Amino acid sequence: MADPKGFMTTPRRDWPRRPVEERVRDWDEVYVPGALLPIITKQADRCMDCGIPFCHDACPLGNLIPEWNDLVSRDDWRAAADRLHATNNFPEFTGRLCPAPCEAGCVLAINQPAVTIKNVEVAIADKAWELGFAPPRPPDRLSGRTVAVIGSGPTGLAAAQQLTRAGHTVAVYEKDDRLGGLMRYGIPEFKMEKRHLDRRLEQMRAEGTKFRTSTAVGRDVGATELRARYDAVVIATGATAWRELPVQGRELAGIEQAMEYLPLSNRVREGDLESSPMSAAGKHVVIVGGGDTGADCLGTAVREGAASVTQLDIYAQPGADRDEDAEPWPTYPKIYRLSAAHEEARDLETAPAADADARLFAASTLRFSGDESGHVRSLHLVEVDARRQPVDGTGRTLPADLVLLALGFSGPDRGDGLIDQLELAMEPRGTITRDAGFATSAFGVFAAGDAARGQSLIVWAIAEGRAVAAAVDRYLTGSSRLPAPIGPYDRPMTV
């Protein structure tokens, strides 16, 4: 503990964002470049080096947060990078994309603003790359065992890197033309520039991991054929079966799924397209769904030049402070948060009818109306109560030339035939069944990440990848020294 009084004398300061008017004119990350390092040492000093650090329990990776906070406060970046990478393969991803349940579990957060754990994490990760503290770590010798990992999202990449470093020969199969899963085509550039992903992929190639892109297992290569070719298979395809909105008018043109819209915008950034065929430019946009994917659509539509953007959230607007009875510390509370995209929408007044920023809370879609050509032109909604029942007299209509459905995902997509070909047992909610060792009903086949857990956070995805790697290593060799931070049935802390 470098400064025993740091938490009392130093106020919380977050990484400042660039001015709204500036950042909405480009696709660069929203934060001021270079503005984090001058403040981060003092912010790390705010860590209290708790006797029982609940941030460990709040983080499924078990990140050694007090340890690397202390090291950062002493400017020992090499040691901080070692401690950070000891539990997290990709801290530059989580430092930018994770909503930081660790901060909700910070002991200081009982009665003060939490330590800026997420900012410290990303500062260490970026400094590690800058100073050469993240070199490739190829194995000393090979085991002679082979593993196929299906899916190159955070779960698949974490599993592949752990297994490669353990000495196994690993090939990652990705159905898209580029690696990264939703980090590549689902996450907008302004949240995480893809150079961070590309840099980590080059590290993995240097360690010996092989990658096979544009290969959908079940369609381009048979699932049973792949299983026969490898000693073990890890399914980490994610939960990409999106939820639908079965209301009148859903068939109208211009009503799209968020994960049809976002990849096109990302492909423009990759240089594949001059402009997106679903561009929001000049359109009245309504986003149905109040989660992070909806916020990603919001920020994207603003940058594309939408005439207006409104986001509908079926839940009531949360308060600014934690409800100590319903969501006591150290659980992750549902409070009013202003993401970068919502800040932009608020300042630019993209949704004049919204309750706050661009959001209409406690709003449920009733139906859509279109023009004579069959294109959507309006969305009809109603306010709902806590039981999601319509409130009389609260109906209204919003102009809508483009509607984006961001309602979450129910499980893995079965369209490629992977699940059926392997005859995998499935849970009633649509996810892959697995036992306490991450094994599926097919011998030698394991499942991890959202495909088996259901839709979750990136920090849980990486923890799943690390844990399934330990299970596969044990299956192949009889024992494993790889860390297993979570079990398949572990869940976030709740009341």
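Computed from a predicted model, the values in this text were never measured in an experiment.
- Atom CH2 of Trp15 is separated from atom CD1 of Ile40 by 9.0 Å, given to the nearest 0.5 angstrom.
- Leu379 CG to Ile287 CD1: the interatomic distance, rounded to the nearest 0.5 Å, is 12.0 Å.
- Listed by first and then second residue, the ring pair (Phe, Tyr, Trp, His ring centres under 6.0 Å) pairs that reach into residues 190-223 come to none, sequence neighbours excluded.
- With hydrogens and angles left out, the side-chain atoms of Thr116 and Asp14 include no donor and acceptor closer than 3.5 Å.
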TODO: Might you work through the side chain to side chain contact (heavy atoms under 4.5 Å, CB included) test for Leu157 and Thr155, ending with a clear yes or no?
DONE: CA-CA 6 Å; Leu157 292 180; Thr155 297; over 6 Å; no
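- Formation of a donor-acceptor pair under 3.5 Å by the Arg453 side chain with backbone atoms of Ser456 is not found in this model.
- Listed here is the closest heavy atom pair of Ala447 and Ile432: CB-CG2, 3.9 Å.
- Taking the charged nitrogens against the carboxylate oxygens, Arg96 and Asp126 do have a contact shorter than 4.0 Å, which makes a salt bridge.
- Contact detail for Val268 and Ser276: the closest heavy-atom pair is CG2-N, 3.6 Å.
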Open item on the list: Could you go through Cys106 and Leu108, starting from their C-alpha distance and side-chain angles, then the distance that decides it, and tell me whether this counts as side chain to side chain contact (heavy atoms under 4.5 Å, CB included)?
Closed with: CA-CA 5 Å; Cys106 174; Leu108 187 58; 3.6 Å; yes
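- The shortest distance between side-chain heavy atoms of Val107 and Met48 falls below 4.5 Å.
- For Thr94, the side-chain hydrogen bond (donor to acceptor under 3.5 Å, both in side chains) partners are Asn88, Glu121, not counting sequence neighbours.
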Task: Stepwise side chain to side chain contact (heavy atoms under 4.5 Å, CB included) test for Tyr31 and Leu36 - done: CA-CA 9 Å; Tyr31 296 102; Leu36 183 57; over 6 Å; no
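- Remark: the Tyr261 side chain and the Glu304 side chain contain an N/O donor-acceptor pair separated by less than 3.5 Å.
- Arg219 and Asp416 are joined by a salt bridge, as a carboxylate oxygen and a charged side-chain nitrogen come within less than 4.0 angstrom of each other.
- Note that the NE2 atom of His56 and the CD atom of Glu67 stand 6.5 Å from one another [nearest 0.5 Å].
- Identified under the ring pair (Phe, Tyr, Trp, His ring centres under 6.0 Å) test for residues 143-172, with sequence neighbours left out: none.
- In this structure the side chain of Arg212 never reaches within 4.5 angstrom of the side chain of Lys175, judged on heavy atoms.
- Applying the side chain to side chain donor-acceptor pair (under 3.5 Å) test to residues at least two apart or on different chains, the pairs with a partner in residues 240-254 are Glu244-Arg250, Glu244-Gln257.
- For the pair Arg199 (side chain) and Arg195 (backbone), a donor-acceptor distance under 3.5 Å is absent.
- A salt bridge links Glu189 with Lys194: the closest approach of a Lys/Arg side-chain nitrogen to an acidic carboxylate oxygen falls below 4.0 angstrom.
- A donor-acceptor distance shorter than 3.5 angstrom exists from the side chain of Glu327 to the backbone of Lys334, with no hydrogens or angles considered.
- At distances below 3.5 Å, not a single donor-acceptor pair connects side-chain atoms of Thr365 with backbone N or O atoms of Arg367.
- Taking 4.5 Å as the limit, some side-chain heavy atom of Pro99 sits within range of a side-chain heavy atom of Leu457.
- Between Lys210 and Val172 there is no side-chain heavy-atom pair separated by less than 4.5 Å.
- Formation of a donor-acceptor pair under 3.5 Å by the Gln421 side chain with backbone atoms of Gly218 is found in this model.
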- [ ] Kindly determine whether Leu262 and Cys297 satisfy side chain to side chain contact (heavy atoms under 4.5 Å, CB included), including the steps that lead there.
- [x] CA-CA 7 Å; Leu262 290 172; Cys297 292; 4.0 Å; yes
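- Note that Arg269 lies in the cation-pi zone of Trp27, set by a 6.0 Å cut-off to the ring centre and a 45° limit from the axis.
- Of the charged side-chain nitrogens involved, at least one lies within less than 4.0 Å of a carboxylate oxygen, so that Asp272 and Arg178 count as a salt-bridged pair.
- Residue pairs that meet the ring pair (Phe, Tyr, Trp, His ring centres under 6.0 Å) test with at least one member in residues 427-463, sequence neighbours left out, are Phe443-Tyr475, Phe446-Tyr475.
- Across Pro488 and Asp435, no two heavy atoms sit closer than the pair CG-O, 3.4 Å.
- Side chains of Tyr315 and Arg388: a donor on one and an acceptor on the other come within 3.5 Å.
- How far CD1 of Ile117 is from CG of Asn69: 6.5 Å, rounded to the nearest 0.5 Å.
- No side-chain donor-acceptor contact under 3.5 Å links Arg466 to the backbone of Ile462.
- No side-chain heavy atom of Ile458 sits less than 4.5 Å from a side-chain heavy atom of Phe90.
- Shown here for Trp329 and Glu324, the closest heavy-atom pair between the two residues is N-OE1, 3.7 Å.
- Side-chain atoms of Gln162 and Arg165 form no donor-acceptor pair, as typed in the model, at a separation below 3.5 Å.
- How far OG of Ser143 is from CG of Asp473: 8.0 Å, rounded to the nearest 0.5 Å.
- Between Pro412 and Thr431, the closest heavy-atom pair is CD-CA, 4.1 Å.
- In summary, Glu92 and Arg200 engage in a salt bridge, as defined by a charged side-chain N under 4.0 Å from a carboxylate O.
- No donor-acceptor pair closer than 3.5 Å links the side chain of Thr331 to the backbone N or O of Met493.
- Using modelled atom types, no side-chain atom of Thr215 and backbone atom of Glu174 make a donor-acceptor pair closer than 3.5 Å.
- Under the 3.5 Å distance criterion, the side-chain polar atoms of Ser410 are matched with a main-chain donor or acceptor of Ala241.
- Atom OG1 of Thr300 sits about 9.5 Å away from atom NZ of Lys191, to the nearest 0.5 Å.
- Donor-acceptor pairing under 3.5 Å is recorded for the side chains of Glu427 and Thr433.
- If you check the side chains of Gln455 and Asp450, you find no donor sitting under 3.5 Å from an acceptor.
- Checking side-chain atoms of His85 against main-chain N and O of Ala81 turns up a donor-acceptor pair under 3.5 Å.
- For the pair Arg83 and Leu64, the minimum side-chain heavy-atom distance is below 4.5 Å.
- The number of heavy atoms from other shown groups lying within 6.0 Å of CG (Asp292) does not exceed 12.
- Under a 4.0 Å N-O distance rule, the pair Arg267/Asp177 qualifies as a salt bridge.
- Legend: residues meeting side-chain contact (heavy atoms from CB on, under 4.5 Å) with Ile150, ordered by chain and number and at least two apart, are Val217, Leu226, Val233, Ile235, Thr237, Leu418.
- Between Arg137 and Glu207 there is no salt bridge, since no side-chain nitrogen of the basic residue lies less than 4.0 Å from a carboxylate oxygen of the acidic one.
- More than 12 heavy atoms of other residues, nucleotides or ligands sit less than 6.0 Å from atom CZ of Arg429.
- For the pair Gly62 and Thr87, the tightest heavy-atom approach, listed with the atom from each and the gap, is O-CG2, 3.7 Å.
- We find that Arg184 and Asp176 are not joined by a salt bridge, their nearest charged nitrogen and carboxylate oxygen being 4.0 Å or further apart.
- With no hydrogens or angles considered, a side-chain donor-acceptor pair links Thr164 and Thr209 at under 3.5 Å.
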